[in-house]
Structure formats: structure tokens, C-alpha cells
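Everything below concerns the one structure shown next.
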Amino acid sequence: MKFKLHNRFKSLFGGLLAINLLFAAPAMASIQEQAADTAKVEQAATPAVTADSAAAPADSAAAAPAATDSASVSASSTSSSTVTPAASTTKEEKKIDPQVYKNLTYYILLFLVLCTVVAVIGKVQSIYVLTKKVNGKYNPLANNTLQAALLFVFLIGFLGFVYYGYAVWGSWSWRPAATEHGKDIDRMFIITTVIITIVLVLVHILLLTFTFIYRMRAKRKAYFYPHNDAIERLWTIVPAVVLTILVLFGFFTWRSITNIPEDLKKSALQIEVLGEQFMWTVRYPGADGEFGKRNYKLTTPLNSYGIDYNDKTAWDDVKGDEIVIPVNKPVRFHIMSKDIIHSFYIPDFRVQINAVPGMTNYFQFTPTITTDEMRDKMNDPQYNFVMLCAKICGESHYNMQKNVRVVTEAEYKEWLSKQAKFFTEDLQKEFAQAEGETTEKNDRIAASIN
Ligand SMILES: [Cu+2]
């Protein structure tokens, strides 16, 4: 009865698999068809492209059916949004590339071959067991010993790999912190890593050697040991205390970084950073040290930052093409977002905080190493600090980075004087026109800026 049920399960599973393939085949074919379609559309839409190079994407798409799912989706979305007229003309002559069916057959066959290999191994194993049984040499615990030994081998491999990971890759991911508070974060990181590494190694040694030592053996009876209050207390209280210490440690470190007295907040160099899909805009307050007011409702094609130019403190606001900051001076970043959540992240500075639409987050820190010094330290003359978005915020998320340069005070001032103002001439004209006075006011604004 048991054997029959087992067999029935197999045939049921096989049947489901066959039905699945039956439905999957047309779906996969239609995905291929879309990809081929799009390639044609692109060919039609860009006459400059030669027939050979336009046919190439269709071929490569057909050659990798597993990968075409996402490719065809993105490709078809571009075709529908940008080149709709061309798409409608080519729609009538769509034809499925025969290569599609060849590829599909190939993958189905590959799958069946794999299934057969697994089945053969299973059969060989059961024949081996049967022969042993027939010869009266069958040991029901042999498999148990094998599994326990394999787990022990796994333990050796695992510990070796952990060691390799720390010894070889550890240094790759480690760079000196380039800010004052960075040292606190690094200390916390190292202590946490040491504690969790000790726990990781101990737990795995215990787990996998015990499965080997106490494996089931003939003539051994398991000792029934249901309860021990002392041990339970130990393994509850010790981790709880350790975790509490770690959490408090993190809490106080974060507080020491973010809790800054009002006067130090004000005396720091202020820089505003506005994230949006998919760029960052950097605003320096200009000579008056004050940012002009900003309101998202004022956003226009010319005034993409939404600056309120009725506020005269906005007139000298400077647009940074990169982030440049003087060394050993506290800097206070005002971090904002225009659309969705982004994240302001400078790994070398141990700085990361979300850019959230509708609110401003702040991060104040003091850089201690200039870019040049860091290049010497890293022995890499091309090395740059970089600020990047640490939230996967969409298709071109990777574009959201800005170079960060730490320089001397003099170099900073020189750089700042060369940066463009937000209040461009075009904007000045637009603003003056909106005010109802043209040239006169325009001149007045220009005079007061320069
Ligand atoms: Cu982003």
C-alpha cells in the first residue's frame, strides 16, 4: 500500500509537470515573439542602424530564453511608449522565429536529462542496498554514519571558508574612516564582529561535532534528559545581556554623533543636498551663509530646485557641481528628497541617512583626511570619496552619485568662487517679468548679486 501511494505521488507529480510545460511553452514562445517584435520595431525606428546590427539583438535575445523575460518586458515597454506608430505598422507581419522553438526544446530536453540522471543515481543506490540485503551484509546504520561524517566534513570546509573570508576579503572591504565620528562607528563594528564571530564558530563546532559524536549507533541508547533550569537560564540570560549591551552601545554612539549643541549646529558649514530620480543637486548658501527659502510648488523647468527668489538670501545661493568640503571643519548636511526616499551615503565617512520627501534630515560631521592624503594612504592616485544613493530607488539608481572632495580651506574657497549661482540670468529675467517690471528690476538684481 505504501509503495503504491508512493508511485501514485510520482505519477501525479509527473502529470502536473507535463501540464505545466504545456502552458509554459506558448508563454515562453510569446515572450520570444515580443522580443523579436521589439527588435524589428527598433530597426524600423532607427533607419541609420544597419540590418546586421539590428538583427543582432533579436538573435541574442532568442539565444537566451531564460534571460528574455526581463529584457523583453523592458524592451516592449520602450517600444510602446516611444515608438508606437512604428509598432503598429510592423504588428501585421509578426512571425515567431523558429529558433525560439529550438531553444525551448533544448531546455526541455536538458531538464529531462537532468531528471533521468537523478533517477539513475537513485536506482543505482537502491540496487546497491538490495544486493547488500541479499548478501546479508546490510547495515541499516551505515547511511547514518555517512551523513554524520559528511556534516563533519562540511564543518571543516565551513570554518576554512570563514577564515578565508576574513583573512582575504576582510581587508578588501576595510578602509580607514575619514571623519572624527567614523572611529566610533568602526570601534562598534569591530566589537560586534568579534562577538558574532566567536558565537558563529562555537555554535557551528558544537552543532556539527555533536551530530557526529552522538550519531545513532547499534547498542547505544539515547539518554533521556528533558530539562535543566540552570542551562536554560544560562542560554537565555547571557545572549539577552550581550544583545542589550550591543544595542545600548549603538544607541549611545548614534546619540553622540547626532546630538549636537545648537551653537555648533549654527557655526558649521551648511550644505543642502536634494535627491531626486536620478540625481543629486548640491546647494551652498553663498556669501551670506543662509539658504534662500524653498518651496516645491515653485518648481519650474528653469527653477527645478523650487527656490523662492522673493527671498533675497536665495540670490547668492551656489550650485556645487560636486561636493567639496574643507578638512577639519564641521559640515552640516541638510538632506532632502524631491520624489521618493533616497539615501545619502558616504562610505568612507561612515555617513548614511535617508533623504525623505517632505522633511529634512541632518548629518553633521568633521572630515579629518583630505582626498590627497587618502590617495596616499590607499596608494591609489585615482582614489575619490564618493557620495551615493543607498536606496534602490529605480531604474537609474546607479546614476545617483557625486564626487566628494576634501580639501584645504584655501582650496575650498577658490573652488566655491568658481561655482555657478542658482539664480541664472534666465531666471532673473523670468523673476523680473513675473514682478511686472522688466529691465529696471533686472538690472537692480544683477547689481545686487555681483
Ligand atoms: Cu536614489
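Remember, it's 1-based here, ligands and their atoms both numbered in the order they're listed. Owing to the predicted nature of the structure, the values given are computational and were not obtained by experimental measurement.
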Determine, step by step, whether Tyr383 and Arg175 satisfy the side chain to side chain donor-acceptor pair (under 3.5 Å) criterion, reporting the C-alpha distance in whole Å, the side-chain angles of both residues, the deciding distance to 0.1 Å, and the verdict. CA-CA 12 Å; Tyr383 193 82; Arg175 289 174 212 156; 2.8 Å; yes

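- Between Phe422 and Trp315, the distance from one ring center to the other does not fall under 6.0 angstrom.
- To the nearest 0.5 Å, the span separating CZ on Phe423 from CG on Asn303 amounts to 9.0 Å.
- Arg294 forms a cation-pi arrangement with Tyr305, by the criterion of a distance under 6.0 Å to the ring centre and an angle within 45° of the ring axis.
- In this structure, Glu373 does not pair ionically with Lys377, as no charged nitrogen and carboxylate oxygen lie closer than 4.0 Å.
- For a distance threshold of 2.8 Å, the protein N, O or S atoms nearer than that to the Cu ion (ligand 1), listed by chain and number, are His342 ND1, Cys389 SG, Cys393 SG, Met400 SD.
- Checked against the 6.0 Å centroid criterion, the rings of Tyr284 and Trp415 qualify as a close aromatic pair.
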